[in-house]
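Report on one structure; see the data block that follows.
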Amino acid sequence: MSYEASVSKLPSPLKDLVENSRLDLGKTEAEKVEVIDWIEKIGQGDAIKTEALKDLDSQLVPKTYIVSNYLTAADAALYGALHPILSQLQPAQYYTTPALTRYFDHIQTRTPVKDAAQGLSPAFFPIVFDLQNAPAAERKAEPVKKKEKPPKTTTQDQPPAIATQAEISTGSKEEQATKEKPSKAKKKNAAPVGDNGKKKGAIAGGKTEAEDVGEPVPSMIDMRVGHIVDVKKHPDADGLYVEQIDLGEETGPRTVVSGLVNYIPIEQMQDKYLVAICNLKPANMRGVKSFAMVLCASSKDGKDAGIELIQPPPGSKPGERVYFEGPDYENATPVSQMNPKKKIFETIQPGFITLDTKEAAWINPISKSVHRIRTKDGICVAPTLVGASLS
């Protein structure tokens with residue numbers, strides 16, 4: 001069925017909403033087919049039956065948009081179909097479908113949908129959700145397994161070559177966990193205070209941080225959601241920005257220096273939410289000390305072909321934990337500060353990539369298993385770049 005035919009079967013004013021939003025049908029033939037399929041299901045009422053909301057909520061857990069990583073006509077249709085249902089729910093009811101509620105709240109604020117809805121008022125009035133008082137999502141901790149000592153070896157293996165995009169298989173088996181040698185008990189006196197007023201050995205929430213013992217693993221990297229509250233050009237370097245990034249810390253925003261002037265216009269940096277690497281050793285950048293690093297995707301054709309900020313899921317809050325999927329990493333604790341001599345980040349970084357879905361991920365160079373980078377609410381993505389390296 002064609003797009004026009006599927007939209008024509010939608011009831012008014014839902015049909016008018018989809019047509020007035022003038023949204024993309026998808027950038028590939030596969031996406032266009034999926035968009036039309038969603039509109040057909042919505043027109044038939046199958047996607048929005050009350051008994052189907054839980055299933056729809058599960059589908060939306062890892063997604064920002066229903067078909068791809070950008071807004072399509074399927075999102076306008078799904079928003080419009082859900083509106084009469086969600087507008088009748090009380091907080092205790094919509095709290096039971098957190099991913100669906102988060103998705104709907106995000107879609108209703110997107111400009112094409114918002115403008116189209118306003119033109120059809122009062123049919124699609126804005127719905128205000130009490131998300132501040134929503135119960136925290138429960139995350140079941142993996143059972144703690146006793147660590148085994150690895151066999152002694154006299155060779156120092158070089159990090160193996162990373163997988164090419166063609167070798168990636170999301171259905172591959174989980175890699176064997178890298179075993180770490182148990183460390184001896186550390187001194188019991190209080191952790192020293194490091195740069196930027198942050199105690200070494202502690203992260204947000206008061207958890208004790210892990211030590212960088214054993215082979216480098218991705219979970220040693222402390223990634224968090226950041227929010228740029230101020231950005232200026234470096235006074236002494238034409239290619240550098242100096243940003244103030246809110247990471248949800250009591251000490252206030254961190255100063256971060258990024259070499260993005262020639263790649264991202266300053267107006268596209270302002271007020272942006274991003275992913276920050278927070279446990280690198282602070283570094284002086286032309287006279288300004290930088291206390292974190294902004295995670296960016298660089299085009300597979302080179303930096304001149306495009307650099308983009310990696311974006312956390314919509315609705316993310318400064319300081320929220322960003323982690324790698326997989327039982328070996330999800331509940332692990334990052335180290336307080338990565339020792340430059342151990343080259344933890346440099347060892348792991350070659351496996352950072354954006355998938356065909358533009359989702360940020362780390363690919364295990366041995367098993368080729370894929371571990372997407374995410375928060376509790378969804379996957380972190382690059383706006384447009386596929387097969388990009390992350391750094």
Side-chain angles (χ1 to χ4, degrees), residues 62 139 141-183 209-223 275 277-280 293 295-301 310 321-375 379-382 385-391:
R139 292 181 58 81
E142 293 289 327
V144 179
K145 296 180 180 180
K146 185 177 180 181
K147 293 182 178 180
E148 299 177 2
K149 291 184 177 180
K152 292 183 178 180
T153 178
T154 57
T155 61
Q156 295 182 343
D157 298 329
Q158 295 296 322
I162 65 169
T164 63
Q165 188 70 9
E167 294 174 318
I168 298 172
S169 172
T170 55
S172 61
K173 296 181 179 179
E174 288 290 331
E175 72 275 11
Q176 296 295 321
T178 302
K179 302 298 182 180
E180 299 180 2
K181 294 182 180 179
S183 60
E209 296 205 0
E211 298 299 327
D212 52 355
V213 178
E215 293 298 320
V217 291
S219 53
M220 290 179 176
I221 302 171
D222 181 6
M223 298 188 296
V275 175
I277 308 295
C278 298
N279 60 343
L280 293 168
M293 186 184 82
L295 188 62
C296 293
S298 298
S299 171
K300 59 185 177 182
D301 297 319
I310 292 297
R321 179 172 172 253
V322 178
Y323 56 92
F324 299 87
E325 286 184 328
D328 297 321
Y329 310 124
E330 289 186 3
N331 297 303
T333 306
V335 298
S336 56
Q337 185 180 97
M338 290 186 284
N339 186 341
K341 294 182 179 179
K342 296 194 174 182
K343 298 188 180 299
I344 295 172
F345 186 78
E346 291 83 352
T347 301
I348 301 302
Q349 186 273 331
F352 281 2
I353 197 170
T354 56
L355 308 176
D356 291 338
T357 56
K358 306 178 191 70
E359 295 170 320
W362 175 74
I363 301 170
N364 185 292
I366 299 174
S367 68
K368 308 298 187 292
S369 61
V370 177
H371 303 269
R372 296 182 300 177
I373 298 172
R374 64 172 300 145
T375 70
I379 310 301
C380 301
V381 300
L385 295 177
V386 171
S389 63
L390 307 183
S391 60

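Excluded from the calculations below are hydrogen atoms, water molecules and symmetry mates; all remaining heavy atoms, backbone and side chain alike, are included.
- Of all heavy-atom pairs spanning Tyr323 and Thr375, the tightest one is OH-O, 3.6 Å.
- Taking every heavy atom of both residues into account, Met293 and Phe345 meet most closely at CE-CZ, 3.5 Å.
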Audit row: Phe324, Glu330, side chain to side chain contact (heavy atoms under 4.5 Å, CB included) steps and yes/no: CA-CA 6 Å; Phe324 299 87; Glu330 289 186 3; over 6 Å; no

Ile277/Met223 under side chain to side chain contact (heavy atoms under 4.5 Å, CB included): CA gap, chis, key distance, verdict: CA-CA 5 Å; Ile277 308 295; Met223 298 188 296; 3.5 Å; yes

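- Between the CD1 atom of Ile348 and the CG atom of Leu390 there is a distance of 13.0 Å, given to the nearest 0.5 Å.
- Considering all non-hydrogen atoms of both residues, Ala332 and Arg321 come closest at O-NH2, 3.3 Å.
- Under a 3.5 Å cut-off, the side chain of Asn279 and the backbone N or O of Met220 do form a donor-acceptor pair.
- With hydrogens and angles disregarded, no donor-acceptor distance shorter than 3.5 Å links the side chain of Glu359 to the backbone of Ile373.
- Considering every non-hydrogen atom in both Thr354 and Ala297, the closest pair reads CG2-CB, 4.2 Å.
- Lys368 and Pro365 get closest at one heavy-atom pair: NZ-O, 3.2 Å.
- Under the rule for a side-chain contact (heavy atoms from CB on, under 4.5 Å), Lys300 has no partner lying at least two apart in sequence or in another chain.
- The two residues Ala360 and Ile379 have their closest heavy-atom pair at O-CG2, 4.5 Å.
- Applying the side-chain contact (heavy atoms from CB on, under 4.5 Å) rule to Ala361 yields the partners Leu355, Val370, Arg372; only residues at least two apart in sequence or on another chain are considered.
- Using a 4.5 Å heavy-atom threshold, the side chains of Phe352 and Ile221 count as touching.
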